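Treat the numbers as computed from the prediction; the structure is a model and nothing was measured. Heavy atoms only: backbone and side chains are in, while hydrogens, waters and symmetry mates are out. All chains are named by letter (A, B, ...) in the order of the sequence lines, taking the proteins before the strands, and each is independently numbered beginning at 1.
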Amino acid sequence: MITRVFSGIQPTGTLHIGNYFGAVRNWAAMQHDLECIICIVDYHAITIDVDPKTLRQASLNMAMDLIASGIDPEKTILFVQSDVPEHTELAWILGCVTSFGDLSRMTQFKDKSSREAFISSGLFTYPVLQAADILLYLADGVPVGEDQVQHLELSRRIARRFNSRFGETFPEPEPVVGKKGGRIMSLSDPTAKMSKSSGEAHYVGVMEAETSIRKKVRSAVTDMGLESGDAMSPGVANLFEILELSTEATGEADLVDTLRADFAAGTLMYSKLKDTVFEQLMEILRPIQQKRAKLEASGEVLELLRFGAEKAQTIAQDTIVQVRSVVGLGTANP
RNA sequence: AGGCCCGUAGCUCAGUUGGAAGAGCGUCCGACUCCAAAUCGGAAGGCCGGGGGUUCGAGCCCUCCCGGGCCUGCCA
């Protein structure tokens with residue numbers, strides 16, 4: 001039985017609808033039944049080149065996006081990672097029970113390092129910090145997408161090795177699967193997951209201006225003309241996916257059925273599909289954008305994050321005291 | 001600590017004895033499309049890493065600095 005869930009998200013400055021439908025919305029649903037901890041992972045962000053002038057603001061923006069998207073800072077512990085420096089201490093200690101070979105096998109490192117000119121050792125040990133994030137809170141559940149299962153496996157491995165070496169300390173975190181697959185693909189390249197790093201045309205920002213969103217949806221790749229009865233192309237399937245996820249909340253699910261029937265009959269106009277996707281999407285995004293604007297005007301994020309960091313640190317410090325004790329570190333806690 | 005190589009458009013790079021800064025990809029606009037993609041047409045985009053020097057003239061030569069890569073060594 002899972003009781004406490006940890007999630008991290010990088011301070012990329014803004015959320016896109018892939019983040020929203022794939023992760024954030026599930027977190028918002030979970031926070032009513034489970035103890036949720038959501039961390040804006042700025043220590044992770046600095047593993048690749050970042051601009052120090054924008055990092056802090058990116059963290060604050062991400063926090064505001066999350067709250068506007070339904071994360072309730074009263075229910076969920078929401079904070080910025082570096083406000084709780086215990087993360088780094090635990091990462092060091094866990095790094096010492098992590099094998100070099102395990103880290104070398106991480107595919108995401110191989111991926112990212114091949115793209116960077118400067119490869120920091122932090123990029124290499126990133127999964128250790130990720131394990132520390134989870135284990136610091138003794139979280140027993142981690143909402144996880146396809147691409148993160150390998151990292152979670154490593155976290156479990158690290159927890160297991162630590163426990164066997166120093167005594168039962170950490171639960172082995174279980175993957176928590178969201179209720180819906182919710183994997184949204186890039187609009188320009190529907191074979192790749194939606195991400196900000198691929199470029200402007202690839203993603204739709206949750207806080208993006210309506211005119212811009214409309215344009216991006218209209219520009220989505222479809223297909224080169226199908227015979228009726230042909231399988232749906234990845235691009236069209238992706239649009240249907242977005243539509244389905246949107247209408248789930250707007251209560252207009254019959255729109256999807258109608259359009260699907262049109263597709264099956266070979267009479268679907270993609271321009272109509274796109275307009276519908278755009279309209280339904282905006283039904284979801286508009287209230288979020290309004291909430292976000294109010295939040296920004298109020299200037300209360302800093303206070304909310306400080307509140308979150310305090311709650312997080314209370315848990316984190318208990319863990320660190322325990323860890324230092326079983327490992328034999330320091331003189332304060334024999 | 002020593003040796004070698006690199007830094008030019010958002011990205012990957014070309015740039016001849018020193019003589020008017022370029023290409024591909026990406027971006028923006030247009031044509032074509034039910035809408036898009038692909039394709040075609042057009043446009044924007046640059047402190048040539050930075051300072052100093054040589055020269056009538058420097059992306060190119062000299063020098064120092066900054067940043068990055070590889071190799072060897074030293075310390076922990």
Touch class at under 4.0 angstrom, heavy-atom based, for Ser219(A) against every strand present: sugar-phosphate
Sugar-phosphate only, base, or nothing, as touched by Lys215(A) at under 4.0 Å among non-hydrogen atoms: sugar-phosphate
Does any nucleotide pair with [N] by Watson-Crick or G-U wobble geometry, both distances under 3.5 Å, and what is it?
{"N": "C4(B)", "result": "G69(B)"}
{"N": "A38(B)", "result": "none"}
{"N": "C32(B)", "result": "none"}
{"N": "G52(B)", "result": "C62(B)"}
{"N": "A23(B)", "result": "U12(B)"}

Side chain Ser271(A) and base C35(B) donor-acceptor under 3.5 Å: no
Protein-nucleotide distance ([X], atom [atom1]; [N], atom [atom2]), rounded to Å:
{"X": "Ile242(A)", "N": "A36(B)", "atom1": "CD1", "atom2": "P", "answer": "16 Å"}
{"X": "Glu200(A)", "N": "U27(B)", "atom1": "CD", "atom2": "P", "answer": "10 Å"}
{"X": "Leu239(A)", "N": "C35(B)", "atom1": "CG", "atom2": "C1'", "answer": "10 Å"}
{"X": "Met232(A)", "N": "A36(B)", "atom1": "CE", "atom2": "P", "answer": "19 Å"}
{"X": "Lys274(A)", "N": "A37(B)", "atom1": "NZ", "atom2": "P", "answer": "8 Å"}
{"X": "Phe278(A)", "N": "C35(B)", "atom1": "CZ", "atom2": "P", "answer": "18 Å"}
{"X": "Asp189(A)", "N": "A36(B)", "atom1": "CG", "atom2": "C1'", "answer": "14 Å"}
{"X": "Tyr203(A)", "N": "U27(B)", "atom1": "OH", "atom2": "P", "answer": "13 Å"}

Using atom [atom1] in both nucleotides, what's the gap between [N] and [M] to the nearest angstrom?
{"N": "G57(B)", "M": "A20(B)", "atom1": "C1'", "answer": "12 Å"}
{"N": "G59(B)", "M": "G53(B)", "atom1": "P", "answer": "15 Å"}
{"N": "G46(B)", "M": "C11(B)", "atom1": "C1'", "answer": "14 Å"}
{"N": "U72(B)", "M": "C60(B)", "atom1": "P", "answer": "33 Å"}
{"N": "C28(B)", "M": "G45(B)", "atom1": "P", "answer": "16 Å"}
{"N": "C48(B)", "M": "A9(B)", "atom1": "P", "answer": "10 Å"}
{"N": "A14(B)", "M": "A23(B)", "atom1": "C1'", "answer": "7 Å"}
{"N": "G26(B)", "M": "A43(B)", "atom1": "C1'", "answer": "14 Å"}

Ser219(A) to Lys274(A) - nearest heavy-atom pair and separation: C-NZ, 4.3 Å
Any N/O pairs under 3.5 Å between the protein and nucleotides 73-76 of chain B? List them or say none.
none

Thr107(A) and Gln150(A): side chain donor to acceptor below 3.5 Å: yes
Flag for Gln280(A)-Thr247(A): side-chain donor and acceptor within less than 3.5 Å: no
Closest to side chain of Phe118(A), choosing from U27(B), G69(B), A36(B): G69(B)
Candidate nucleotides C34(B), A36(B), U27(B), ranked by approach to the side chain of Met269(A) - the nearest: C34(B)
Could you pull out every donor-acceptor pair under 3.5 Å between side chains of residues 137-144 of chain A and any protein atom, sequence neighbours left out?
| residue | atom | partner | partner atom | Å |
| --- | --- | --- | --- | --- |
| Tyr137(A) | OH | His87(A) | NE2 | 2.9 |
| Asp140(A) | OD1 | Thr3(A) | N | 3.2 |
| Asp140(A) | OD1 | Arg4(A) | N | 3.0 |
| Asp140(A) | OD2 | Thr3(A) | N | 3.2 |
| Asp140(A) | OD2 | Thr3(A) | OG1 | 3.1 |

Residue that, paired with Ser246(A), satisfies side chain to side chain contact (heavy atoms under 4.5 Å, CB included) out of Ile17(A), Leu255(A), Ile284(A): Ile284(A)
Is a salt bridge present between [X] and [Y], judged by a nitrogen-to-oxygen distance below 4.0 Å?
{"X": "Arg105(A)", "Y": "Glu153(A)", "result": "no"}
{"X": "Glu200(A)", "Y": "Lys216(A)", "result": "yes"}
{"X": "Glu35(A)", "Y": "Lys311(A)", "result": "no"}

All pairs passing salt bridge (Lys or Arg N to Asp or Glu O under 4.0 Å) where residues 59-73 of chain A contributes a residue, at least two apart: Asp65(A)-Arg292(A), Asp72(A)-Lys75(A)
His202(A) vs Ile119(A), nearer the 5' end of RNA chain B by closest nucleotide: His202(A)
